[in-house]
Amino acid sequence: MQIIVGLGNPGKQYQATKHNVGFRVVEQLATEAGFPAFNTQSKFNAEVSKKGEVLLVKPQTFMNKSGDSVSAVMRMYKGQLYVIHDDLDIELGHWKMQLGTGPKIHNGLLSIYDRLGTKNFWHVRIGVDTRQGDRTIPSERYVLMPFTEQEEQIMTKVMHEVSYELLRKLNESI
């Protein structure tokens, strides 16, 4: 089983924010690979969609409690875990997929590390930083800001790239 978790915050007010790129990439992946519609699974406190041996997950716990949802999913399903998340250590337009390596600080990941007791899963790190060294806006406020129109165009391209790469990696499981 391949478990793909996109991190974000539930609610319309967060949909277009930098912190929700994980949700958006999982939704893009679902569309491109023809997954069924997401449905709410209260036992996971998440929206899920399953096709073949791939489970897509959008925790509905809010970012800082993502570990609650992810640990519930991992208790039920054994397999390879991929967590897609925003990353302020990477500039907008860039991304990385690394095993066991995430950003310096990310409360959603810290929650997952705590609940799973490990960092040993795939981190799909989506760069969202456009501050060019200007740290006058605190990180926790910056990630809750929406993308500008120009940033959104860049993010759309990145979401397609990440979705394509994940589909290529998962093709045998779908």
Side-chain angles (χ1 to χ4, degrees), residues 2-35 37-38 46-49 54-67 69-70 81-113 119 121-170:
Q2 307 291 320
I3 299 117
I4 316 294
V5 176
L7 297 186
N9 286 313
K12 284 190 182 276
Q13 69 270 34
Y14 298 109
Q15 280 179 341
T17 66
K18 293 165 177 65
H19 228 15
N20 268 36
V21 297
F23 276 10
R24 294 179 64 194
V25 171
V26 165
E27 291 163 356
Q28 180 76 35
L29 183 62
T31 299
E32 290 182 6
F35 275 74
F38 282 89
E47 292 182 2
V48 300
S49 180
V54 178
L55 182 71
L56 304 179
V57 181
K58 296 189 304 180
Q60 299 296 294
T61 54
F62 287 92
M63 183 66 76
N64 295 352
K65 296 276 192 176
S66 297
S69 179
V70 173
L81 175 63
Y82 296 79
V83 177
I84 306 168
H85 58 86
D86 62 298
D87 194 320
L88 280 174
D89 293 343
I90 303 173
E91 285 186 40
L92 180 73
H94 301 277
W95 64 279
K96 296 179 181 180
M97 189 180 316
Q98 297 175 297
L99 185 61
T101 303
K104 289 178 230 150
I105 299 172
H106 191 291
N107 289 331
L109 288 171
L110 293 174
S111 173
I112 294 169
Y113 300 158
K119 296 179 181 180
F121 53 84
W122 287 99
H123 293 68
V124 183
R125 305 171 62 184
I126 311 292
V128 296
D129 194 9
T130 59
R131 299 174 294 174
Q132 300 175 341
D134 177 9
R135 300 296 188 258
T136 56
I137 301 172
S139 299
E140 51 282 346
R141 200 169 95 222
Y142 181 77
V143 295
L144 294 177
M145 295 171 65
F147 289 105
T148 65
E149 189 174 318
Q150 183 180 3
E151 291 170 342
E152 185 62 39
Q153 290 173 358
I154 295 167
M155 185 50 57
T156 297
K157 180 179 177 265
V158 169
M159 288 188 308
H160 283 288
E161 287 175 12
V162 173
S163 181
Y164 174 82
E165 185 60 29
L166 282 168
L167 282 171
R168 192 183 66 72
K169 228 174 160 37
L170 303 170

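Index from 1, following the sequence.
Rounding to the nearest 0.5 Å gives a distance of 11.5 Å between CG of Leu110 and CE of Met63. The structure places CG of Asp86 at 11.5 Å from CZ of Phe23, a figure rounded to the nearest 0.5 Å. To the nearest 0.5 Å, atoms OH (Tyr82) and CG (Leu166) are separated by 7.0 Å. Rounding to the nearest 0.5 angstrom, the gap separating the CZ atom in Arg131 from the OG atom in Ser139 is 4.5 Å. In this structure, Ile154 CD1 and Glu91 CD are separated by 10.0 Å, a value rounded to the nearest 0.5 Å. Here Ile90 contributes atom CD1 and Asp129 contributes atom CG; the two are 10.0 Å apart, rounded to the nearest 0.5 Å.
Counting heavy atoms of neighbouring residues, nucleotides and ligands inside a 6.0 Å radius, atom CD of Gln150 does not exceed 12 of them.
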>> Please evaluate residues Arg168 and Glu165 with respect to the criterion salt bridge (charged side-chain N to carboxylate O under 4.0 Å, His left out), reporting the C-alpha separation (whole Å), side-chain torsions for both, the decisive distance (0.1 Å), and the verdict.
In response: CA-CA 5 Å; Arg168 192 183 66 72; Glu165 185 60 29; 2.4 Å; yes

>> Is there a side-chain contact (heavy atoms from CB on, under 4.5 Å) between Asn64 and Ser111? Walk through the geometry before answering.
In response: CA-CA 6 Å; Asn64 295 352; Ser111 173; 5.9 Å; no

> Are His123 and Leu109 close enough, and set up right, to give a side-chain contact (heavy atoms from CB on, under 4.5 Å), and what steps lead you there?
Replying inline: CA-CA 9 Å; His123 293 68; Leu109 288 171; 4.0 Å; yes

>> Run Phe121 and His85 through ring pair (Phe, Tyr, Trp, His ring centres under 6.0 Å) and show every step you take.
In response: CA-CA 13 Å; Phe121 53 84; His85 58 86; 8.5 Å; no

> After noting the C-alpha distance and the side-chain angles of Val48 and Lys58, does the key distance pass the side-chain contact (heavy atoms from CB on, under 4.5 Å) rule?
Replying inline: CA-CA 6 Å; Val48 300; Lys58 296 189 304 180; over 6 Å; no

>> Determine whether Val5 and Leu81 satisfy the following criterion, side-chain contact (heavy atoms from CB on, under 4.5 Å), listing intermediate values before the conclusion.
In response: CA-CA 8 Å; Val5 176; Leu81 175 63; 3.7 Å; yes

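Closest of all the heavy-atom pairs between Gly108 and Ser66 is O-CB, 4.0 Å. Of all heavy-atom pairs between Ala46 and Pro59, the closest is CB-CA, 3.9 Å. Looking at every heavy atom in both residues, Gln60 comes nearest to Pro10 through OE1-CB, 3.2 Å. Across Asn20 and Gly8, no two heavy atoms sit closer than the pair OD1-CA, 3.3 Å. Between Arg24 and Gln15, the closest heavy-atom pair is CD-O, 3.7 Å. Nearest heavy atom pair, residue Ala30 against residue Leu56, reads CB-CD1, 3.6 Å.
With a 4.5 Å cut-off on side-chain heavy atoms, Leu7 and Val83 count as touching. By the 4.5 Å heavy-atom criterion applied to side chains, Leu144 and Lys18 are not counted as neighbours. Taking the side chain as every heavy atom from C-beta outward, Val162 and Ile126 approach each other to under 4.5 Å. No side-chain heavy atom of Glu27 sits less than 4.5 Å from a side-chain heavy atom of Met159. Using a 4.5 Å heavy-atom threshold, the side chains of Ile105 and Leu88 count as separate. Residues Ile4 and Val57 are not in side-chain contact: their nearest non-hydrogen atoms beyond the backbone lie 4.5 Å or more apart. Within the 4.5 Å cutoff, side-chain heavy atoms of Leu167 are placed close to those of Leu29.
A donor-acceptor pair is defined here as one N or O able to donate and one able to accept, closer than 3.5 Å; no such pair exists between the side chain of Lys157 and the backbone of Gly93. A distance-only check finds a donor-acceptor pair linking the side chain of Thr156 to the backbone of Glu152 [under 3.5 Å].
Side-chain contact, Glu32 with Ser163: a donor N or O sits under 3.5 Å from an acceptor N or O. For the residue pair Tyr142 and Thr17, no side-chain donor N or O sits within less than 3.5 Å of a side-chain acceptor on the partner. At a cut-off of 3.5 Å, with distance as the only test, a side-chain donor of Thr130 or Glu151 sits close to an acceptor on the other residue.
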In a table with atom names and distances, give each donor-acceptor pair under 3.5 Å that connects a side chain of residues 94-101 to protein atoms at least two apart or in another chain.
| residue | atom | partner | partner atom | Å |
| --- | --- | --- | --- | --- |
| Trp95 | NE1 | Glu161 | OE1 | 3.1 |
| Gln98 | OE1 | Arg125 | NH1 | 2.6 |

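For His19, the ring-ring contact (aromatic ring centres under 6.0 Å, His included) test picks out His106, with sequence neighbours left out.
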